[in-house]
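Each chain gets a letter, A, B and so on, in the order the sequences are listed, and its residues count up from 1. Not measured: the values here are computed from a predicted model.
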Amino acid sequence: MKGRGLLFKKSIGPYLYLLPSISIFLVFLILPIFSIFGISFTKYNYFKSPEFVGIDQYKRLIGDPLFWKSLRNTFLYVLMCVPFLTFFPLLIAMLLNVGIRAKSFFRALFFIPVVSSAIVVSLIWKWMYYGGKEGVINYLLHFVGIEPKVWLGFPEYALTAIAIMANWKSVGYYMIFYLAGLQTIPRQLVEAAKIDGASGWHIFYSITLPLLRPIIMLVIILVSIYSFQVFDFIYVLTRGGPAWSTITVNWLIYSRAFTSYQMGYASSIGVILFIIIFIVSMLQVRFLGRKFEY
Amino acid sequence: MKRVKNKSGGKFKMKTNLKNITMLLLVLLMMFLLVVPIISSAKETVSMWAFPLTEDDLEILFKPIVEPFEAQNPDIDVNIEIIPWQNRVERMVTAIAAGKAPDVAYLNTDNFVAFVAKDALLPVEKYMSDETLADLKIGAKQGFTWKGHLYAFPILMVYMTEVYNKEMFKKAGLTPPTTWDEYEDCATKLTIDKNGNHSAQVGFDRGNVMQWGVADGAMGTITTCFSDVWLFQAGGDYFDENGKCIFNSPEGIEAATMIVKMFDNWIDPAAKGMEPEEARGLIIKEKAAMMANWQPHFYKMALEQNPNLPIAVGPTMKHRKKVGTGSVAAYGIFSSSKHPDLAAKWLNWLTNTQNMAHFCSTSWFSPPRLSANPIVQENLRSEFPSFAEIVEQDKYMKVVPHEQLQTIWELSAAEFQSCILHKKTPKQAMDDLTQAVNQFLGF
């Protein structure tokens with residue numbers, strides 16, 4: 001009997017330790033996600049009980065030009081972030097992986113933007129993007145003959161300006177992933193390749209890149225997910241302007257939920273965003289996730 | 001049977017006694033802790049959310065008002081929480097949804113109707129005397145009246161005026177404009193390049209402007225900051241009598257055309273990337289001569305940064321109508337309040353003539369009460385004599401409450417930006433705006 005009790009304690013114990021974390025995960029993540037699905041089929045303004053309206057919110061979404069505009073902008077933003085944040089951090093990581101002086105200093109330097117508050121970074125870049133001759137960016141570009149631009153005031157530049165800032169902030173984060181991945185590459189493979197006369201480029205293309213494939217896939221998926229959800233930079237810098245050129249799906253969700261008090265409609269947009277991110281992530285795993293073995 | 005005496009009987013008895021005494025003390029302590037809150041909660045608490053208007057609202061604004069009230073009403077506790085401005089409406093909405101709303105909260109014209117539409121606010125005219133209602137300015141009542149009911153106790157009016165730089169006007173030999181034609185004339189002559197040529201003179205160098213005639217910003221989503229005053233002065237309005245949006249009326253298109261003209265000719269191009277609040281800096285740095293829609297407390301902020309700034313309040317202009325715009329702030333009673341009568345008693349005290357005058361004089365706003373006007377004007381005469389003109393002009397204020405005002409502003413900001421940037425003509429922008437608003441409102 002005692003032995004059985006001990007076995008019971010051994011099997012239930014770990015779950016009891018996990019219970020607090022799982023509870024938080026369920027209450028603050030899983031439950032809200034399922035709630036959003038439910039609320040998207042209702043008309044709900046916080047103060048009164050949700051009123052079931054079937055797929056009316058989704059029909060409205062299809063006919064809403066602002067939704068399609070926000071979707072287009074979001075995809076554009078993702079396209080501006082994913083390639084850059086996939087390869088530039090890799091380049092930096094490779095440079096920092098060789099035996100240079102003050103390696104730790106440079107690693108810390110690249111990581112400082114990552115740990116800085118998004119709001120603070122946005123405010124500083126807003127000041128740098130000031131559209132007059134005195135703006136930092138305009139002042140520097142003036143030395144290469146480029147006329148001052150109102151970076152955040154014109155639809156042609158605003159979204160790109162935000163993407164540049166976001167990429168600058170995130171480089172260090174993905175650099176860490178690649179640095180960790182580079183540490184796992186067996187030195188013997190590289191040395192053997194060198195002995196066989198392989199050039200640096202051959203080593204990178206034939207050994208480093210294939211072995212980093214899982215990391216690259218992870219980075220692509222993470223960058224995509226975070227980029228699809230961009231909000232804080234838009235909120236501080238442009239509020240979706242000028243002329244809706246920086247409105248993103250997440251901004252539209254926020255606007256409809258907290259400015260228009262239309263939680264049902266905002267939830268339907270949220271569901272669509274969830275589905276898009278899910279499909280894109282699955283496609284990325286499917287096409288990038290082929291195993292590689294030597 | 002012989003009883004076996006416990007050898008340590010004495011010590012055991014003492015230990016038991018100590019244990020019993022300790023238990024008794026603990027029980028008494030617990031009872032005390034339970035009873036004291038019950039006794040002290042015999043005092044009713046009126047909870048209020050306010051948002052910072054000075055560097056220390058509790059001390060500067062509210063203490064001189066709360067202490068006498070609590071002294072006269074010993075059974076009422078007033079508990080004021082100063083909440084940050086950022087996301088204040090979301091905080092209130094969340095609190096109401098969670099059942100944790102305060103009794104009273106600070107509201108503005110642009111957000112109170114949303115609460116009314118959700119039955120979250122109580123109408124308050126039954127709590128006000130006829131004298132009080134008669135003493136309120138028309139704009140103040142208009143700002144918080146919806147479908148015939150007044151929904152809050154007005155505490156201040158944000159009447160937006162034209163600010164102008166006296167020195168720049170004096171140097172150019174001009175007086176502050178009172179009509180759109182005069183405004184154009186002033187803006188033209190006050191936009192000056194580094195050679196001293198103004199914008200209508202031959203040789204004017206637009207690439208080297210040292211002083212701009214007008215300051216404003218095209219970004220942001222609060223269109224009261226730049227479009228409403230032009231719309232109203234042109235004789236236009238947001239809605240017709242059926243509640244349908246009419247931004248694309250001839251008056252609306254005329255207003256949009258005027259705004260485009262301003263940005264094309266007399267405003268720093270960098271302002272296309274600025275919010276109006278940032279554009280204020282051009283007035284403070286004396287790089288622009290005038291700016292519309294200057295809120296009363298902006299004068300205080302500007303003079304704190306530059307005490308010698310030669311700014312003054314300009315007159316309300318007239319095109320087809322002599323009208324200005326702004327907002328009203330008031331304290332409303334949430335319908336979830338457990339003691340609305342006490343909340344109303346507190347608010348009647350807070351918004352009486354003397355307290356309102358103290359509130360508005362300290363925070364540099366126009367009072368909603370006519371009887372408070374002379375007190376506020378006198379209080380601020382030494383600090384900013386021109387303030388008296390704001391108080392005189394707020395009778396021209398027009399506001400348009402609506403349930404979806406914030407969303408309408410968002411939609412209109414985007415369309416105004418489109419025509420300022422010449423992506424659309426003013427007519428196209430106003431047509432698209434009208435369609436978007438009416439579609440959103442379900443017409």
Side-chain angles (χ1 to χ4, degrees), chain A residues 43-50 56 60 63-66 69-70 119 123 126-135 137-138 147-158 161 234-247 251-252 254-263 265, chain B residues 86-87 89-98 101 111 114-115 117-121 207-208 217-222 263 268-275 278 282 287 335-336 403-411 413-421 423-424 429 432 435-436 439-440 442:
Chain A
K43 209 169 170 175
Y44 177 46
N45 64 19
Y46 302 104
F47 303 101
K48 296 178 180 170
S49 302
D56 280 1
R60 178 185 166 187
D64 184 356
L66 211 49
K69 177 92 187 160
S70 69
I119 305 298
L123 288 171
K126 191 174 188 179
W127 170 74
M128 285 167 61
Y129 276 134
Y130 173 69
K133 284 183 268 200
E134 307 86 0
I137 307 277
N138 280 335
E147 288 293 309
K149 303 261 184 288
V150 186
W151 297 102
L152 298 176
F154 277 84
E156 294 84 352
Y157 314 127
I234 310 286
Y235 186 86
V236 176
L237 289 169
T238 56
R239 306 280 179 121
W244 295 136
S245 59
T246 61
I247 187 171
W251 172 260
L252 188 62
Y254 168 82
S255 173
R256 289 298 164 262
F258 297 109
T259 304
S260 312
Y261 308 110
Q262 294 177 343
M263 196 61 186
Y265 184 54
Chain B
Q86 199 73 10
N87 302 326
V89 176
E90 290 91 306
R91 284 174 208 263
M92 284 193 274
V93 166
T94 310
I96 293 170
N111 55 42
F115 292 102
K118 278 74 169 166
D119 299 329
L121 268 188
N208 281 294
M219 296 292 281
T221 54
I222 303 177
F263 275 90
D268 186 347
K272 288 174 184 164
M274 281 188 214
E275 298 194 17
E278 294 167 85
L282 295 171
K287 290 188 185 293
S335 47
S336 55
E403 185 186 348
Q404 291 291 354
L405 199 59
Q406 299 261 350
T407 305
I408 293 168
W409 284 350
E410 227 178 47
L411 294 169
E415 295 302 339
F416 277 106
Q417 284 160 8
S418 295
C419 55
I420 287 167
L421 297 169
K423 302 298 177 191
K424 295 181 184 178
D432 290 347
Q435 187 187 12
Q439 186 182 17
F440 184 83

Against chain A, label [X] side chain, backbone, both or neither, depending on which of its atoms sit under 4.5 Å from a heavy atom there.
X	answer
B/A117	backbone
B/Q86	side chain
B/L405	neither

Open item on the list: On the six-membered ring of A/Y235, is A/R239 placed so that its NZ or CZ lies under 6.0 angstrom from the centre and within 45° of the ring axis?
Closed with: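 The answer is yes; both the distance and angle limits are met.
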- [ ] Report the option among A/L152, A/T259, A/T238 that has the most heavy-atom pairs separated by less than 4.5 Å from atoms of chain B.
- [x]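 Option with the greatest count: A/T259.
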- [ ] With a 4.5 Å cut-off on heavy-atom pairs, point out which of A/G132, A/P65, A/P242 contacts chain B the most.
- [x]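 Heavy-atom pair counts peak at A/P242.
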Task: side-chain contact (heavy atoms from CB on, under 4.5 Å) partners for B/A429, two or more places apart - done: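 B/A429 satisfies side-chain contact (heavy atoms from CB on, under 4.5 Å) with B/E415, B/C419, B/K424 once adjacent residues are dropped.
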Structural part of [X] lying under 4.5 Å from a heavy atom of chain B:
X	answer
A/Y265	neither
A/Y129	neither
A/E156	side chain
A/K149	neither

Open item on the list: Quick check on B/E278: does its CD atom have over 12 non-hydrogen neighbours (other residues, nucleotides or ligands) under 6.0 Å away?
Closed with: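 Yes, because the 6.0 Å sphere around CD of B/E278 holds more than 12 heavy atoms from other groups.
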Task: Neighbour count above 12 (heavy atom, 6.0 Å) for B/K287 NZ - done: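 Counting neighbours around NZ of B/K287, 12 or fewer heavy atoms of other residues, nucleotides or ligands fall under 6.0 Å, so no.
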Open item on the list: Do B/E403 and B/K118 make a side-chain contact, defined as non-hydrogen atoms from C-beta onward lying under 4.5 Å apart?
Closed with: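 Answer yes - side chains close enough.
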Open item on the list: Do A/Y130 and A/N138 make a side-chain contact, defined as non-hydrogen atoms from C-beta onward lying under 4.5 Å apart?
Closed with: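 Contact flag for A/Y130/A/N138 side chains = no.
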Task: Stepwise side chain to side chain donor-acceptor pair (under 3.5 Å) check, B/E410 with A/S255 - done: CA-CA 9 Å; B/E410 227 178 47; A/S255 173; 2.6 Å; yes
Open item on the list: Which residues pass the side chain to side chain donor-acceptor pair (under 3.5 Å) test with B/N111, not counting sequence neighbours?
Closed with: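 Side chain to side chain donor-acceptor pair (under 3.5 Å) check on B/N111 returns nothing, list empty.
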TODO: Can you see which heavy atom on A/P155 is nearest to which on B/L421, and at what distance?
DONE: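 Minimum heavy-atom contact is CD-CD1, 3.5 Å.
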- [ ] Can you check whether anything in residues 89-96 of chain B gets within less than 4.5 Å of chain A, heavy-atom wise, and list it by number?
- [x]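 Near chain A, by residue number: B/V89, B/E90, B/V93, B/I96.
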- [ ] Using a strict cut-off of less than 4.0 Å between a Lys/Arg side-chain nitrogen and an Asp/Glu carboxylate oxygen, indicate whether A/E147 and A/K133 qualify as a salt bridge.
- [x]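 The answer is no: the pair does not qualify as a salt bridge.
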TODO: Could I get the full list of salt bridge (charged side-chain N to carboxylate O under 4.0 Å, His left out) partners for B/D268, not counting sequence neighbours?
DONE: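 Scan of B/D268 (salt bridge (charged side-chain N to carboxylate O under 4.0 Å, His left out), adjacent residues dropped) gives none.
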Task: Pairs of heavy atoms under 4.5 Å with chain A: top-ranked of B/M274, B/K272, B/Q439 - done: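 Maximum pair count with chain A is reached by B/K272.
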